[in-house]
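Naming convention: chains lettered A, B, ... in sequence-line order (proteins, then strands); numbering from 1 in each chain. Just so it is clear, the structure is predicted and the values come from calculations on it, not from any experiment.
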Amino acid sequence: MSDWVYVRDIAASEGQVVTVKGWLYNRTDKGKLQFLLVRDGSGLIQAVVSEKDIGPEIFAEVQRLTQESAVEVTGIVHADRRAPGGFELQVQDVHVVQFVQDYPITPKEHGVEFLMARRHLWIRSSRQHAILRIRAEITRAVRAWLDGHGFLNMDTPILTPSSCEDSTTLFQTDYFGEPAYLTQSGQLYNEATIGAFGRVYCFGPTFRAEKSKTRRHLTEFWMVEPEMAYVDLDGCMEVEEQFVSYIVQSVLANRADDLKVLERDTSRLEKVVPPFPRISYDDAVKLLNDKGLDFKWGDDFGAPHETVIGESFDRPVFVHHYPTAIKAFYMEEDPQRPEVCLSVDLLASEGYGEIIGGGQRTASYELLEQRIKHHHLTREAYEWYLDLRRYGSVPHSGFGLGIERTVAWLCQIQHIRETIPFPRMLERIYP
RNA sequence: UCCUCGGUAGCUCAAUCGGCAGAGCAGCCGGCUGUUAACCGGCGGGUUGUAGGUUCGAGUCCUGCCCGAGGAGCCA
């Protein structure tokens, strides 16, 4: 019995007889010679089957093998320039674990509707495989950087009694006869945990019940939200640029093969190092007007505006000091200019738009109380949040990074639906 | 929610002015010792999303409905 090895480790077994356990990705039949492309989750390897090596009986069985049949392939590992990946197996034995009939996804072209309905199988395809491996690297890097920089992971609730912000629509559920909502942000809770721990982050799913039907929106998406006590707007931007740069450089260093599968131009990503350019909302408006776009001060940027601003720089760009009126109720005002607030968004390059929203939070009890009233929020529901301004209120900042948008940017893919194993979108909750 | 486009074989698509519904791939049969979405030959494969309407005749024109895609708004 030969050793079971994963394809990713195959180079270490050159010249040895090993067994690969996986699924048939594709097969080419040349008569007395067949090429099996076997994937095992860790990689893809070509297995060369010759009739004279394994005899007519097994050879004929292999000839009947169909796409995605489960197989255990035993053979000698050879380096060969002609093989994808540089190594191949000269097959000595094939054990068929399951013959598969009529696997629906062929190596040919398919439409989005067809593939999305078969998402549970589509994730086996090489492009999807590469994207989801990069996603895993991004989430690994997120935790590694935060854990290494004094942030404590605080898991915030998914079931919440009310809205965190007043702007978006929430999914309502029944909580023992009372209405409850799926969280749209852990931020408010993290403003409490920083009072206990100083620097924290939450990382989990977030839900928005808006009927958004665009390439940048999911109804369920993942967001990491760091929050920091005694950190102002400038300090927040410094953390963001260090954090994002680390994530990008980790993907470049650890997922080069997957970026190649996606044919990602990595030269743009190599430039993603601190410092990032910083422009005020005022200057962003000027920039848009100078480029001939019709945009007036006080409006929020739409997708085309974000694209133009993002494309004006060679790395992600901070836009800060948005009008107070278009931002959430908890944003701190600029003391010199109350009509703008200490908020900052990070717009990704290459037209991928906003990947981070954040800024400095209101520290003043009086201002927050006034904002809650002004935004028609229920005072009672925010009493605990007001408590945080009663007992040791300090300047503090935080931000939320959208994982799927980051994956789409780094993978250079057109639609966010491919950045999560099972996307939840308007009109799609299957599979 | 609004705007635009689409739905034809298992998949991806074609079908001229309203006039016999067709190709590639997949499947099945045969051939081939270096294939990379292999190639060569052969075979089978259809309630044209759905309900009506116009017409001698509708995949094609008209209306409703269903489903999907792209975009807007909102946002990460």
Side-chain angles (χ1 to χ4, degrees), chain A residues 25-37 44-53 59 63-64 66-68 78 80-85 88 90 100-118 125-127 164-170 183-187 203-225 299-307 322 326-328 345-348 352-358 399-409 414-417 419-420 425-428:
Chain A
Y25 197 66
N26 204 1
R27 185 174 63 88
T28 303
D29 193 340
K30 284 279 296 174
K32 298 284 189 292
L33 182 69
Q34 296 178 72
F35 297 93
L36 309 182
L37 207 49
L44 205 57
I45 190 165
Q46 174 166 284
V48 185
V49 188
S50 174
E51 187 174 23
K52 67 174 165 43
D53 290 343
F59 192 82
Q63 276 183 317
R64 290 197 304 275
T66 50
Q67 198 190 344
E68 289 303 314
H78 290 300
D80 193 312
R81 278 185 296 112
R82 295 168 295 187
E88 64 182 20
Q90 188 66 41
V100 163
Q101 287 193 332
D102 302 323
Y103 185 71
I105 301 177
T106 67
K108 301 290 176 179
E109 258 180 71
H110 298 286
V112 170
E113 185 183 358
F114 180 85
L115 290 168
M116 285 306 301
R118 292 158 186 79
S125 303
S126 58
R127 263 184 70 82
C164 287
E165 300 175 21
D166 49 333
S167 55
T168 50
T169 319
L170 304 178
T183 183
Q184 60 168 339
S185 168
Q187 179 204 317
F203 190 9
T206 299
F207 306 88
R208 304 273 167 95
E210 292 189 335
K211 301 213 167 183
S212 299
K213 190 176 162 54
T214 82
R215 66 179 71 179
R216 311 171 190 230
H217 288 87
L218 297 174
T219 53
E220 176 183 313
F221 64 97
W222 283 65
M223 185 158 69
V224 57
E225 295 176 277
D299 287 344
D300 206 354
F301 302 128
H305 307 119
E306 285 185 0
T307 299
Y322 281 80
I326 58 170
K327 285 293 177 184
D345 286 354
L346 184 67
L347 306 183
Y352 281 89
E354 184 183 349
I355 55 167
I356 289 181
F399 61 93
L401 172 91
I403 294 298
E404 288 75 16
R405 287 186 182 179
T406 304
V407 177
W409 168 40
Q414 286 308 302
H415 203 298
I416 201 170
R417 64 184 159 224
T419 64
I420 186 168
M425 298 180 292
L426 187 64
E427 311 286 357
R428 185 176 292 286

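Using atom C1' as the reference point in both B:G45 and B:C29, the two lie 15 Å apart (nearest Å). Rounded to whole Å, the P atom of B:G46 lies 12 Å from the corresponding atom of B:G22. Atom name C1', nucleotides B:G49 and B:U60: the rounded distance is 16 Å, in whole Å.
Under 4.0 angstrom from either OP1 or OP2 of B:A69 there lies at least one side-chain N or O belonging to A:K213. Taking side-chain N and O atoms only, A:R127 has no distance below 4.0 Å to OP1 or OP2 of B:A37.
When both pairing distances are held under 3.5 Å, B:A37 makes no Watson-Crick or G-U pair with any nucleotide shown. Nucleotide B:U4 forms a pair with B:A69, judged by Watson-Crick or G-U wobble geometry with both contacts under 3.5 Å. Pair assignment for B:C13: B:G22, on the basis of Watson-Crick or G-U wobble contacts that are both within less than 3.5 Å.
Note: A:I420 CD1 to A:F221 CZ = 10.0 Å, rounded to the nearest 0.5 Å.
Remark: the backbone N or O of A:E354 is paired with a side-chain donor or acceptor of A:E306 at under 3.5 angstrom. Using a distance-only test at 3.5 Å, with no hydrogens or angles considered, no donor-acceptor pair links the side chain of A:E68 to the main chain of A:V100. Under the 3.5 Å distance criterion, the side-chain polar atoms of A:H415 are matched with a main-chain donor or acceptor of A:R417.
Mapping A:I356 and A:H415 onto RNA chain B by nearest heavy atom places A:H415 at the nucleotide closer to the 5' end.
Between A:Q90 and A:D53, the side chains place a donor N or O and an acceptor N or O closer than 3.5 Å (distance only, hydrogens not considered).
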### Query
In the 5'-to-3' direction, what one-character label does each nucleotide of nucleotides 27-35 of chain B receive under the scheme B = base within less than 4.0 Å of a protein heavy atom, S = sugar-phosphate only, - = no such atom?
-----BBBB
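Within the nucleic acid shown, A:H217 comes within 4.0 Å of at least one base atom, counting heavy atoms only.
Listed nucleotides: B:C75, B:A69, B:C74. Nearest to the side chain of A:E210: B:C74. Of all nucleotides listed (B:A72, B:U12, B:A76), B:A72 comes nearest to the side chain of A:T214. You'll find that the side chain of A:E306 is closest to B:C75, out of B:G70, B:A69, B:C75. When distances run from any side-chain atom of A:K211 to the nucleotides B:G70, B:C25, B:U1, the shortest one goes to B:U1.
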Identify all pairs in which a protein N or O lies below 3.5 Å from an N or O of nucleotides 7-10 of chain B, and state each distance.
none

